[in-house]
Amino acid sequence: MPDVTKLASPLDVGGVRIHNRVFLAPMSGITDEPFRQRAHAHGAGLVVSEMVASGELAKGRAGSGLRIRHSGLPVHMVQLAGREAMHMAEGARIAVGEGADIIDINMGCPAKKVTGGYAGSALMRDLDHALSLIEAVVGAVDVPVTVKMRLGWDEGALNAPMLARRAEQAGVMMVTVHGRTRCQFYQGTADWRAIARVKQAVSIPVVANGDVGSPAEAASILDQSGADAVMIGRAHYGAPWTAGSIVAAALAEPVAGMPASPQALGDYVIAHYEDMLTLYGVESGLRQARKHLGWYLDRHAGGTSDDRRKAILTSFEPGRVIAFLRDMFSTAPEAANLRSAA
Ligand SMILES: Cc1cc2nc3c(=O)[nH]c(=O)nc-3n(C[C@H](O)[C@H](O)[C@H](O)COP(=O)(O)O)c2cc1C
């Protein structure tokens, strides 16, 4: 069993002190302010905004401001996506103006609507262009700049070590590597050992990412990759405490802020729901909250009847949803055993 204690130690990223080495991954449509607040409160060392299109930000488009808004956390990290150096630089300046302590550049998103515009992981097909964006952002702001990437575009082009080395030379202070290629999307399993080639290519911190959900997996990805920190995404579905629970396990401590009873979990889910309604307004908030409610129900209230589940996930009346949730969680046997669920 690899050593887990390293996970709880601090990490310096270009002069910004990160409290521990277990991070929440940026996930568009999921890691908004209410979610990041919760992950942080449970003990995640670092949380990152959902990606923000730099062009939208530079043009002042509605919605993008919400994504970069400072949520009062000790380290505010904003992720930018885009392909125009001018917009990336301007987006970075705007984000720093809003209090960003770190700017991350997205070079890993596989979605066609992003790569179709030659942003996200498409940048790994043209490292000179990728570097021009990195240089523009590094030149535009005084805060540390980081890059999140995949192993490469496909098996025939595993150029993450080259991109990471050139990024470091351009002034980037940390890189995160998802151990898949763009063409894998989310299929197969993440190759943790392949991340080691990036670690060997640079001297800045490397964050390993992909398919981690438990303390043993977190320790294992660090062991196999030699990386300095771990970033966790989908294992947070219905469990914003996942990163925090891994840090807590490394310290042999209880998880901060963990709901301790089925009723407390019900209150927790309802508070998350209400925070989303407040952030987005009721009409948009209740739609956006449905995926979270579905995950909470699936993970902690598996006995919910199909009718009840459908009522919760389709209702347009927040009062009704809240009453159902209170009822479901107070009677759910799984909710009584939250620690093992985490
Ligand atoms: C729904 C969803 C949205 C995502 N959005 C982003 C994003 O905005 N920026 C980014 O760099 N990666 C994004 N990712 C990728 C994750 O950050 C992470 O690299 C990937 O999910 C692998 O980690 P995991 O196996 O721990 O989930 C997203 C992933 C998912 C599933």
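Keep in mind that what you see is a predicted model, and the values were worked out from it rather than measured. Numbering of ligands and ligand atoms starts at 1, following listing order.
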Colleague: Is the backbone N or O of Gly43 less than 3.5 Å from a side-chain atom of Asn20, with the two atoms forming a donor-acceptor pair by type?
Modeller: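 Yes.
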
Colleague: Considering His236, Lys148, Met51, His178 one by one, which has a heavy atom nearer to atom 10 (C) of ligand 1 than any of the others?
Modeller: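 The residue whose heavy atom sits nearest atom 10 (C) of ligand 1 is Lys148.
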
Colleague: Mind telling me whether Phe329 and Tyr296 have parallel, tilted or perpendicular rings, with 30° and 60° as the class edges?
Modeller: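 Ring orientation, 0 to 90° scale: perpendicular.
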
Colleague: What atoms in ligand 1 come closer than 4.0 Å to a heavy atom of Asn106?
Modeller: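 Contacts of ligand 1 toward Asn106, numbered from 1: 9 (N), 10 (C), 11 (O).
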
Colleague: Determine, stepwise, if the pair Val247 / Leu7 fulfils side chain to side chain contact (heavy atoms under 4.5 Å, CB included).
Modeller: CA-CA 6 Å; Val247 178; Leu7 292 166; 5.8 Å; no

Colleague: Does Tyr237 come within less than 4.0 angstrom of ligand 1, counting non-hydrogen atoms of the residue?
Modeller: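 Tyr237: in contact with ligand 1 (<4.0 Å).
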
Colleague: Can you list the ligand 1 atoms lying under 4.0 Å from a non-hydrogen atom of Asp211?
Modeller: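 Taking each heavy atom of Asp211 in turn, ligand 1 has 24 (P), 25 (O), 26 (O) under 4.0 Å.
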
Colleague: Considering distance alone, does some N or O of Met231 sit under 3.5 Å from an N or O of ligand 1?
Modeller: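 For ligand 1, there is no N or O atom that lies under 3.5 Å from one belonging to Met231.
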
Colleague: At less than 4.0 angstrom from any non-hydrogen atom of Ile232, what atoms of ligand 1 do you find?
Modeller: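 Under 4.0 Å from Ile232, ligand 1 has these atoms: 26 (O).
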
Colleague: Is Val172 close to Ile204 at the side-chain level, that is, under 4.5 Å between some pair of heavy atoms?
Modeller: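 In short, these two side chains touch, coming nearer than 4.5 Å.
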
Colleague: Heavy-atom contacts under 4.0 Å between Asn209 and ligand 1: side chain, backbone, both, or neither?
Modeller: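 The side chain, only.
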
Colleague: Look at atom 7 (C) of ligand 1 and find which of Pro26, Ala208, Ala81 reaches it with the closest heavy atom.
Modeller: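 Ranked by closest heavy atom to atom 7 (C) of ligand 1, first place is Pro26.
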
Colleague: Might you work through the side chain to side chain contact (heavy atoms under 4.5 Å, CB included) test for Arg308 and Asp327, ending with a clear yes or no?
Modeller: CA-CA 10 Å; Arg308 191 51 84 84; Asp327 193 35; 2.9 Å; yes

Colleague: Are Trp295 and His272 close enough that their ring centres sit under 6.0 Å apart?
Modeller: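 Centroid separation for Trp295 and His272: 6.0 Å or greater.
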
Colleague: Below 4.0 Å from any atom of ligand 1, is there a heavy atom belonging to Gly29?
Modeller: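 Flag not set, Gly29 not near ligand 1.
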
Colleague: Evaluate Ala25 for polar contact with ligand 1, using N/O atom pairs at a separation under 3.5 Å.
Modeller: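 Checking ligand 1 against Ala25, no N or O pair falls under 3.5 Å apart.
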
Colleague: What protein heavy atom lies closest to atom 3 (C) of ligand 1? Include the residue and the distance to one decimal.
Modeller: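 Of every protein heavy atom, Ser28 N, 3.3 Å lies nearest to atom 3 (C) of ligand 1.
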
Colleague: Quick one: does Arg234 get an N or O within less than 3.5 Å of an N or O on ligand 1?
Modeller: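 By distance alone, the answer is yes.
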
Colleague: May I have the step-by-step check of side-chain hydrogen bond (donor to acceptor under 3.5 Å, both in side chains) for Arg21 and Ser9, ending in yes or no?
Modeller: CA-CA 7 Å; Arg21 295 165 187 247; Ser9 62; 2.9 Å; yes

Colleague: Classify the contact between Gln79 and ligand 1 as side chain, backbone, both or neither, using a heavy-atom distance cut-off of under 4.0 Å.
Modeller: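 Only the side chain of Gln79 comes within reach of ligand 1.
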
Colleague: Below 4.0 angstrom from a heavy atom of Ile30, which ligand 1 atoms are there? Numbered from 1 as shown, please.
Modeller: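 What qualifies from ligand 1 is 1 (C).
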
Colleague: Which ligand 1 atoms does Tyr186 reach within 4.0 Å, using its non-hydrogen atoms?
Modeller: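 In order of number, 14 (N), 15 (C), 20 (C), 21 (O), 28 (C), 29 (C), 30 (C).
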
Colleague: By the definition side-chain contact (heavy atoms from CB on, under 4.5 Å), identify the one residue from Cys109, Pro26, Ser121 that meets it with Lys148.
Modeller: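 Of Cys109, Pro26, Ser121, side-chain contact (heavy atoms from CB on, under 4.5 Å) with Lys148 is met by Pro26 alone.
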
Colleague: Tell me which protein heavy atom sits closest to atom 26 (O) of ligand 1, plus the residue, atom name and distance to 0.1 Å.
Modeller: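 For atom 26 (O) of ligand 1, the nearest protein heavy atom is Gly233 N, 2.8 Å.
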
Colleague: Check this for me: does any side-chain nitrogen of one of Arg67 and Asp32 sit under 4.0 Å from a carboxylate oxygen of the other?
Modeller: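 Salt bridge flag = no for Asp32 with Arg67.
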
Colleague: Does the Lys NZ or Arg CZ of Arg290 fall within the cation-pi geometry relative to Phe316 - under 6.0 Å from the ring centre and within 45° of the axis?
Modeller: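 Yes, Arg290 sits over the ring of Phe316.
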
